[in-house]
Structure formats: C-alpha cells, structure tokens
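Labels below follow one simple rule: chain letters A, B, ... track the order of the sequence lines, proteins then strands, and each chain is numbered from 1.
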Protein chains: 2
Amino acid sequence: MSAIAAALGVSAATVSNALSGKGRVSPELIEKVRAKASELGYVPSLTARALRTGRTGVLGLVLPDIANPLFPQIAQAIENAASNAGYGVLIADSRGDIAAQTEAIGRLLERGVDGMVIVPRRGTRIADVGCPVAVIDTPSTPGNTVSADHWDGGSQMGRHLAELGHRKVLLIGTSASSNVQNDRIGGLKAGLGAQVECDTMWIEKVEAVSGEGCPLGLADKARAGFTAFAAVSDLSALRALTELQRAGIGVPETVSVTGFDDLIWSAVVTPALTTVRMDMATIADLAIAALIRAIEPEGEAENGAEEASTGNVISETDRVPMQLIVRQSTAVPQAGGISNLHVQTPNKPTAGEITS
Amino acid sequence: MSAIAAALGVSAATVSNALSGKGRVSPELIEKVRAKASELGYVPSLTARALRTGRTGVLGLVLPDIANPLFPQIAQAIENAASNAGYGVLIADSRGDIAAQTEAIGRLLERGVDGMVIVPRRGTRIADVGCPVAVIDTPSTPGNTVSADHWDGGSQMGRHLAELGHRKVLLIGTSASSNVQNDRIGGLKAGLGAQVECDTMWIEKVEAVSGEGCPLGLADKARAGFTAFAAVSDLSALRALTELQRAGIGVPETVSVTGFDDLIWSAVVTPALTTVRMDMATIADLAIAALIRAIEPEGEAENGAEEASTGNVISETDRVPMQLIVRQSTAVPQAGGISNLHVQTPNKPTAGEITS
DNA sequence: CTGAAAGCGCTTACAG
DNA sequence: CTGAAAGCGCTTACAG
C-alpha cells in the first residue's frame, strides 16, 4: 500500500480510501490507484486490517465429531457460504467429548474469529461465548438459530410410506437423547398416521464388527409383519438394508428401507435408498447471514430482538424444509406377501425423483 | 498486555519477554507477570503477533472435493495434528474443478496462511505457491510429500486374497487417471501373484440412480468364475456388495468383496467389508511436521535438500504403511462352487482383526 | 536484568 | 477532494 502511495505521490490514507471506496476520492485518482495496485500485484494484508478494525474476517466451524458422515455436506456448505461472503472458515473438532467442545471453542476465540457456527453435541446447550454464534441443531432446541425442519422431513417420509400402503413400520434410531432423531421420529409417526402400527427400535452404534456383524434381528421383524424399516439416518438404513438382504429378504419387493440425509452412498447401493435430504446450502446461507448481521455494524440501530437472553447466541429459529428423495418404488406387497408384484425400475440410470 | 505492564509498573517489553520466555527476565518477575496475566484473564492477540512476526499460525487445508467421503478422516487428522502444534486450520474446497483449486489456494494465501496441506486433484501438479506446501497424494507422484503407501496396501490385500485361495479376481476402479487407484491396483496385482487371473473394471461414478440403480453386471462376472471383487474404494465395494446380494449371490460364502479406506460404513454393513486403512494420524503428523520445519526458522542453516527444484513444495516422499483389516473370513469355496463351506463367524461382535 | 523506541500494514476520525 | 497523524497489540533489536 505504501508502495502504491509512493509510486503515485499520494498518501497511504488516500490509497486506502480509493481501494475501499470509503472516503470521497476523485474517480480519476481511484482509477489510477487501482491500476497501480494491480500493476504492483498488491495484496492487502488482512492481518493488519484485522488488527486495526478488530475483525479478522474468519468464522469458526465447531462440529461434534468431524468423523461424522454428514460432516462433508455441512463443511462444504458452510465453506461455500462463508467464502461467498468474504470470510474464511477455521475448523475445530470436538472429538466427541464435551470438554473438547469447550476447548475447541476456546481455541477459535483465541484466534479471534468474528463469529462461529456450532453444531452442538447432543444435549449441549451453547452458553454465551465471546462472539456471535449460530447454532445448527433442530427447531425444537432452545437457542437454535437455523436448521432443517427434521420433524417435517419425518412427516414427509411417513406420509410417503403410508401412501404406499405400509401398515406396520419399524422406526430405527441410535440415540433417544438426540433432538434431531426425536424430531424425525415424531414427524414419521405423525406422517404415518394413527392407523399405521409402529415400533421404535433404538440400536447401538457398532464400534467394530467382523463377519456377520452385529445383527439387529430385522429378519424376525420382517417375518413378524413389518413391511417398512424407516431409519433416522442413512447409516442405520444401510445397516438394515444389508442385514435384510443377507437374510434373503427382498428389498424393496418384500420390505422397504428408508433413511435420512442422502449420504453419498445412498444413491449407489442396490437398491438405492429412499431418503430425505437437508438443504444444507440454504441452512448454511442463513447461518452465515445471521452471523454477518450480528458482526457487521449495519447502519441501523440494533434490533434488540435478536440478542435476547441467550446473549450472543442468535436465536431466530429458521426452519428449512427437507426434500424427500424417492429412489425405491416401495409399494407394499399385496396381502399374502407375494414378492414379485414390484415393478422393476428400468436399468437405465435416471435421476432420483425429487419431491418438493 | 499493557494492562499487565501498568499494574506491575514494568514495561510491555518485559511482559512480552516474561510471557514468551525469550528475553532474560528474573524468575521472580516472570512469576509475578504470569500471576497477573491469569488474574486479568489476559489473552494475547494473535492478530497483533501475526502482524509483527509475519506469521499467522494458521495452516490451509485444500481438498479436491470436501464432499469426498474420505474427507472426515483427513480433516480430523490434520486438524488434530495442527492444533497439537499450535496451529489453526483454514479449509478450502476445490469443488471439483481445477480453476477452483487455484482460486482456493489464492484465498488461503491472501489470508496469510503459513503453509498448506494440499490433497491435489487427479493429475494436478502443484506448482510453486507463495508458501510451504505439503502434498498428500501417492509416493509415486512427483512432488508428493507424504502419503499412505497405496501400492503396499494393495499388495497386502492381494496376498490376503491369494492366500484365501482366490484364483480369479475382478479389480474395480473408478478412474484410470488416478495415481492413488493405479498404485492400489498395481499393488493388488503384485500381491495376487502371477498365477491368479485378474481383470480390471473401470466403473463410472453414479450421479443419481433410482430403483435398481446402475448395475455393473457383477452377477455375470460371478457366474463367469470370479470369486473375489477387489474394489479400490469402499464406496465401489459397497456398490458391488449390494448388487451381488441383490442378485442372490452370497457374500462371503460364494464370492468375496473387499474395499479400501475403511470408511465409516464398512464395519456396519452385513457382511462387514474387509478393507485397507490409511494411517491418517501418522500421515497428518508427518505433513504438519514437514510444514513446520519449513515455516519455523530452526537454529540450523537451511537443509538445502528439502527445497529443491519444486520450490516451496516439500518433497520428502514419506510412505506410511497401510493396515489390512480383515472382517470377512473370505475363504474361497471348494472347486465346484458349493456355497456353504464357509464357516460362519459367530454373531457376537468382535473387534475387526487387524493385521500389521 | 529491564526499558524506551520503532515498526509490522492497515483504517479512521480529523484537519485542511 | 486529499493528507498528516494516531493507533490497533504485539515483538525485536538496541541501550542502559
């Protein structure tokens, strides 16, 4: 910057004003400064700017566990939204335990992030940290900022299954203390309606398995009359699908298996999984926008409503609809259990049918 | 810092020296400064330090595609290694195309990262950027800094399959231009040995499928005598597994399916996948260590050898061994194709057997 | 062993 | 419309 100022015989202040468009500088000078800047390959020092303005232009992303299969979707969406808004993204891994989450938040704070996006660990309530925070959890969690409408996603799936004629459905979850899972299950039950019988099975996470793995007894469930297995995550759905297939139970002609999240493999397995997808791009855009509103001093006076009792945690409770992605034509078999009524989808690959 | 100095009646320089242990300050004063600092809840401004020292303490992580299912493993390992070394990690997504990769690198550079870890897109040769770069690709890629020994991983898998008696193996890859995949396939062939017949099938990535998906014709291959399907990624292995199961071909009693990378679901499917795992923790540690060696001015004179013709790209070509994880007891059936010679693994979950 | 001074590169009131 | 000055919070030679 001083090089530009020297070359042009003007002051650094003028160069700064010209480049930022803040101060009133004559159009001709602005042009000259710009030209010189690009000629000299000028790259502003964001560090110096940060020291002066007190803002680093960096946002933190705190996740319960980076190893989570959903992480790629989240990270990609946040990174994209942030970089469109001119912000960088620093990652922090809570590695499971809650102490590590606090520590991770602390590290980000030390690095001077202007705000952070937190996907909290189950049951964690994010307290007031030293900067604006957008929480992505579920609409039913207090202090949530923006998230997918998991309940609605569940209800879409439930209606879909009910419409296909399923009357006995097994819901599969992994954590009864997860707000997300409870919302999804609540939605599923509501969508299935009162005349559909359903049970909920809470399964444990598998650490390491060999051979036949850790069977859930799903074949018995199928024999007991369950025709649909609705998992609250694609990972559980995949576990169910392979266990059923292995037991010789045809999917989807005998039973249907559905998941949640549209993880990368769900379109790739045979048969592909019917699932519900979060609109992470929109969620990320809203989260970043909320953060920026809190960070950048808008001309207007402060809204007041935004920063209520939660302190820095922005509570707006935006609900972003989820998308049902139907990949199996999971019509329930006729009473009697004939297994080949199912109309095979042609082999030519076609785009997954996406409903609303 | 100035608050501490004022409270103690010393200079800011002394506080700085006391806290950093650089200058020679009397032990008693150091203690007093420390006490005051923690009493005042002093948090040093990393921004100011960065401006002064020219180093930000932040490393960039550039990935070909954050949506890649391997991303969680990589990001977690890098974040962990970096934060142990006192560095933060800024992420950048190349979102597939090569222009975006260049742009992502540029954004990180503008933010003043001290160095970066790049997992390059296939076929990309990382040129000299403005800071130290550690490249994670394959040992056979020129300019590679550290990576798993994919060839060795393949050969471990090949030997394993050969020992189990497989004599006709189908290798499955998705990209003939990928160095990683070619290394893995080269290793597989070498490990299988000359007396094992093998074909390589290059399959296309599935964008979106519905119903029966996009079958690879694997059932025909099984009928043609292939008894093992060795994919170079767990994703392809999963695709193969579900397609074979769907076609009524028993895995593992009729054919075996193996993958690579030990992605999260590979232990969860039935039957669990035999796979090969990268030691990402070690790879990350080596990458970060190499970066730090290049960033932090060690007392000694520069090594010379490290920064050869590649400019800032550190070429050390460390090979980190891979781990074979046997989850299926995939003994090949007796000649004649009887399908129930396979000894079922007991249902009790046991830890996956990990070999070297 | 300790302190005064300069400066990293910017931006922001404030004068002119 | 343009410039001189101060200062963000640190660290690093250099004196004392």
What's the verdict on side-chain hydrogen bond (donor to acceptor under 3.5 Å, both in side chains) for A:T141 and A:N144, showing C-alpha distance, side-chain angles and the deciding distance? CA-CA 6 Å; A:T141 304; A:N144 180 67; 5.6 Å; no
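- Per the geometry, CG belonging to A:N17 stands 9 Å off C1' belonging to C:dT12, to the nearest Å.
- One interatomic measurement links the two molecules: CZ of A:R49 to C1' of D:dC10, which rounds to 20 Å at whole-angstrom precision.
- B:S45 comes within 4.0 angstrom of the backbone, heavy atoms only, and of no base.
- When both distances must be under 3.5 Å, the Watson-Crick or G-U wobble mate of D:dG16 is C:dC1.
- Nearest heavy atoms, B:V25 versus B:A18: CG2-N, 3.9 Å.
- Between A:L291 atom CG and A:L286 atom CG the span is 12.0 Å, to the nearest 0.5 Å.
- Proximity of A:T14 to the phosphate of D:dG3: a side-chain N or O atom is located under 4.0 Å from OP1 or OP2.
- Put simply, CG on A:L19 is 12 Å from C1' on C:dT11, counting in whole angstrom units.
- Contacts of A:S26 with the nucleic acid, taken as non-hydrogen atoms under 4.0 Å apart, involve only primed sugar atoms and P, OP1 or OP2.
- Using a cutoff of 4.0 Å between basic side-chain nitrogens and carboxylate oxygens, B:E110 and B:R107 are not scored as salt-bridged.
- Among the nucleotides D:dT12, D:dG3, D:dG9, the one closest to the side chain of B:L51 is D:dG9.
- Rounded to an integer number of Å, the gap from B:R111 CZ to C:dC10 P is 15 Å.
- As rounded to whole Å, 14 Å separates atom P of C:dT2 from atom CD of B:E31.
- Which of C:dC10, D:dC10, C:dG3 sits closest to the side chain of B:S11 comes down to C:dG3.
- Ranking C:dT12, C:dT2, D:dC10 by closeness to the A:R52 side chain, first place goes to C:dT12.
- The nucleotide whose nearest atom lies closest to any side-chain atom of B:A48 is, among D:dG9, C:dC10, D:dT2, D:dG9.
- Closest to the A:V10 side chain, of the nucleotides D:dT2, C:dC10, D:dG3, is D:dG3.
- Looking at heavy-atom distances under 4.0 Å, A:L46 makes no contact with the nucleic acid at all.
- Which of D:dA4, C:dG3, C:dC10 sits closest to the side chain of A:A13 comes down to D:dA4.
- Residue A:V25 places its side chain closer to D:dT2 than to any other of D:dT2, C:dT12, D:dT12.
- For the pair B:E110 CD and C:dC10 P, the computed distance is 12 Å after rounding to whole Å.
- Between the side chain of A:T56 and the main chain of A:G112, a donor-acceptor pair closer than 3.5 Å is present.
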